[in-house]
Amino acid sequence: MNTVRDHVEELTWRGLLHDSMPGTREYLNQGPVSGYIGFDPTADSLHVGNMVQIMMLKHFQESGHRPIALVGGATGMVGDPSGKKSERNLLDEETLRHNQRCVGDQLARFIDFGSRTRPAELVNNYDWFKDMGFLRFIREVGKHISVGYMLAKDSVKNRMESGISFTEFTYQLVQGYDFYWLSKNKGCRLQMGGSDQWGNITTGAELIRRMDGGEAFALTTPLLTKADGSKFGKSEGGNIWLDAARTSPYKYYQFWVNATDADAARFAHIFTVWPRERVEALVAEHARAPHLRQLQKEVAAAITVMTHGRSELDAALRATEILFGGGTSEALGSLSEKQWLDVFDGVPQAEVPRDALSSGVPIVDLLSERSGFLPSKGEARRALKEGSISVNKTRAEEGRVIGTDDLISGRFILLQRGKKNYFLLKLG
RNA sequence: GGGGAGAUACCCAAGUGGCCAACGGGGGCAGACUGUAAAUCUGCUGCUUCACAGCUUCACAGGUUCGAAUCCUGUUCUCCCCA
């Protein structure tokens, strides 16, 4: 089985190709090859900001090639100056090890490590750096690259004013050596990454050329920004993580379903493996009836399944239906206790003691100190004044007192500020 | 080492003895509109038993004054110029 599809063409229509080194397309079209992308183990979970690179590996595998995910245990200890204006804090080895394991597990949800024909592989550059002494490194590697060459990189140039440590200055050589090592030991002569990695990638290609006389290739992706120019991957609550414990599948689904029209179209290209006809048909359909948000829904569903699995998506959809699907107090009452807990799994919650409730709690107290939903009573009053508070899907007035009568299914009260902020109170 | 400028709420930024919880902008939150969108309009955005009331707040610590973010003293930090 040596058939591969034209990967460069595939990336092009998906809008994922920013730049490539000469000959890369031809190299890929010869047959299955290996290609790698590095991931920083700076946290014990990846977030949606990493999704472009994750999908690069996935599309690569779908095209018939063998993806290698490199977890940067060693490079994570150094710190990449690319795109950073200040020196980075170093992580200790124990933390890095933990992060590497978690990141590896997450990648396994997207790319297939068990394929017979084109299995993905996970490597950790700490393994080839841990016994590499400083003297050996500067003799074997440093010897081949001139300081002038290194200084010419943007990542270094941009930091000459504000200052850059020798450690970060050296980073490109360390990452470059990864590329060399993989080409030598794994036959991997292609590196992929974000466009900000171009400088590091070319250093690696240069090393391969000088140390081995070998040829190397590269593919980079454009930096993804949202249609309004803001940074992709952040939302009100901060980062959107791939770890369900950090970002619930419900919130994760909501993140994607809230995409603007333009973003949703791009997400369909980048974050799904749908064939071109399907993507284009959906986009066209959406253009005819944008108010249905069909594109957002399909894209969000596809990505959520890929990340968290079918059943987590179903739970997220149920929650969405209840919270946004014109849900009413009656709809809430029809849920079983288990359904309540499932549906609101991703919603912040607090417990309140029964006796407090039986004597009645003023809504202001309930919203603020009793639950922690809103930060202060002043804030709670303000919210009530603007009419943005609902209790069990029914708008609440300032004088409202909440008692046991308001409990649904004998246990729950659903608080709501505005359309999208929910809070679940449980009887303690 | 010498000289100068400055530190104000999430960010930028006015204010230079009482009318300052502190103009304005950004951001954030909410309401209307809508498609859980964008754009637009409106309101809110220190705390408190929201009241033209009280309390905490304008780098930090003291002081002057009936009264200070605003004046004085000291401390810390930042920036610029000269050497």
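Just so it is clear, the model here is predicted, and its values are computed rather than measured. Chain letters run A, B, ... following the sequence lines, proteins first, then strands; residues in each count from 1. Atom set for the values below is all heavy atoms of this structure, side chains included, hydrogens, waters and symmetry mates excluded.
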In whole Å, what separates the P atom of B/U75 from that of B/G1? 15 Å
Using the C1' atom as the point on both nucleotides, what is the distance between B/G17 and B/U70, in whole Å? 6 Å
Do any side-chain nitrogens or oxygens of A/Ser388 fall under 4.0 Å of OP1 or OP2 in B/G31? no
Would you state whether a donor and an acceptor, one from the side chain of A/Lys419 and one from the base of B/U34, lie under 3.5 Å apart? yes
Reported OG-to-CG distance for the pair A/Ser358 and A/Leu407, which is rounded to 0.5 angstrom: 10.0 Å
Measuring from A/Lys153:NZ to A/Thr203:OG1, what's the distance to the nearest 0.5 Å? 3.0 Å
Do the side-chain N or O atoms of A/Asn421 get closer than 4.0 angstrom to the phosphate oxygens (OP1, OP2) of B/U36? no
B/G35 C1' sits how many Å from A/Glu285 CD, rounded? 15 Å
Determine the interatomic distance between C1' on B/A5 and the same-named atom on B/C55; round to the nearest Å. 35 Å
Using whole Å, report how far CZ of A/Arg293 lies from C1' of B/G35. 6 Å
Does the separation of the ring centres of A/Tyr250 and A/Phe344 fall below 6.0 angstrom? no
When the P atoms of B/C52 and B/A59 are compared, how many Å lie between them, rounded to an integer? 27 Å
What is the distance from CG of A/Leu374 to C1' of B/A30, rounded to the nearest Å? 11 Å
With respect to the phosphate group of B/U45, does any side-chain polar atom (N or O) of A/Lys385 fall under 4.0 Å of OP1 or OP2? no
Supply the atom-to-atom distance A/Phe267 CZ to A/Thr260 OG1, rounded to the nearest 0.5 angstrom. 7.0 Å
Take the protein atom CD1 of A/Ile363 and the nucleotide atom C1' of B/U49, then report the distance between them rounded to whole Å. 17 Å
Which is true for A/Gln254 with a 4.0 Å heavy-atom rule: it touches a base, it touches only sugar-phosphate, or it touches nothing? base
Classify the nucleic acid contact of A/Gly418 as base, sugar-phosphate or nothing, counting any heavy atom under 4.0 Å across all strands shown. sugar-phosphate
Is the phosphate of B/C50, meaning OP1 or OP2, less than 4.0 Å from a side-chain N or O of A/Arg381? yes
May I ask you to decide if the ring planes of A/Phe217 and A/Tyr27 are parallel, tilted or perpendicular, using 30° and 60° as cut-offs? parallel
Partner lookup for B/A37, please. Criteria are Watson-Crick or G-U wobble with both distances under 3.5 angstrom; report none if nothing qualifies. none
Hey, what do you get for OH (A/Tyr171) to CE (A/Met150), rounding to the nearest 0.5 Å? 12.5 Å
Now, which nucleotide makes the Watson-Crick or G-U wobble pair with B/U75, with each of the two distances under 3.5 Å? B/A59
In Watson-Crick or G-U wobble terms, with both distances under 3.5 Å, the base opposite B/G43 is B/C29
B/G67 and B/C19, which share atom name P, separated by this distance in whole Å: 15 Å
Closest-nucleotide 5' rank along RNA chain B - winner of A/Glu398 and A/Pro290: A/Pro290
Candidates B/U36, B/G35, B/G31 - which lies nearest the side chain of A/Arg395: B/G31
Please report, rounded to the nearest Å, how far the C1' atom of B/C29 is from the NZ atom of A/Lys420. 12 Å
Quick check for you: among B/A37, B/A30, B/G31, whose closest atom lies nearest to any side-chain atom of A/Glu386? B/A30
Rounded to whole angstrom, note down the P distance from B/C29 over to B/C77. 37 Å
With respect to the phosphate group of B/G28, does any side-chain polar atom (N or O) of A/Arg417 fall under 4.0 Å of OP1 or OP2? no
Please state how far atom NE2 in A/His291 lies from atom C1' in B/U36, giving the value in whole angstrom units. 14 Å
Less than 4.0 angstrom between a side-chain N/O of A/Lys377 and OP1 or OP2 of B/U49, yes or no? yes
Is the phosphate of B/U36, meaning OP1 or OP2, less than 4.0 Å from a side-chain N or O of A/Thr320? no
What interatomic distance, in whole Å, is found between P of B/C41 and the corresponding atom of B/C60? 38 Å
A/Tyr422 atom OH is separated from B/U36 atom P, nearest whole Å, by 11 Å
Between A/Pro375 and A/Gly387, the residue closer to the 5' end of RNA chain B by nearest nucleotide is A/Gly387
Measuring from atom CG of A/Asp243 to atom OH of A/Tyr252, what distance do you get when rounded to the nearest 0.5 angstrom? 11.5 Å
Nearest-Å distance, CH2 (A/Trp256) to C1' (B/G35)? 20 Å
Should the pair A/Trp340 and A/Phe412 be assigned to parallel (<30°), tilted (30 to 60°) or perpendicular (>60°) ring geometry? parallel
Can you figure out which of B/U45, B/A37, B/A30 approaches the side chain of A/Arg382 most closely? B/U45
In whole angstrom, give me the gap between the C1' atoms of B/G54 and B/A32. 36 Å
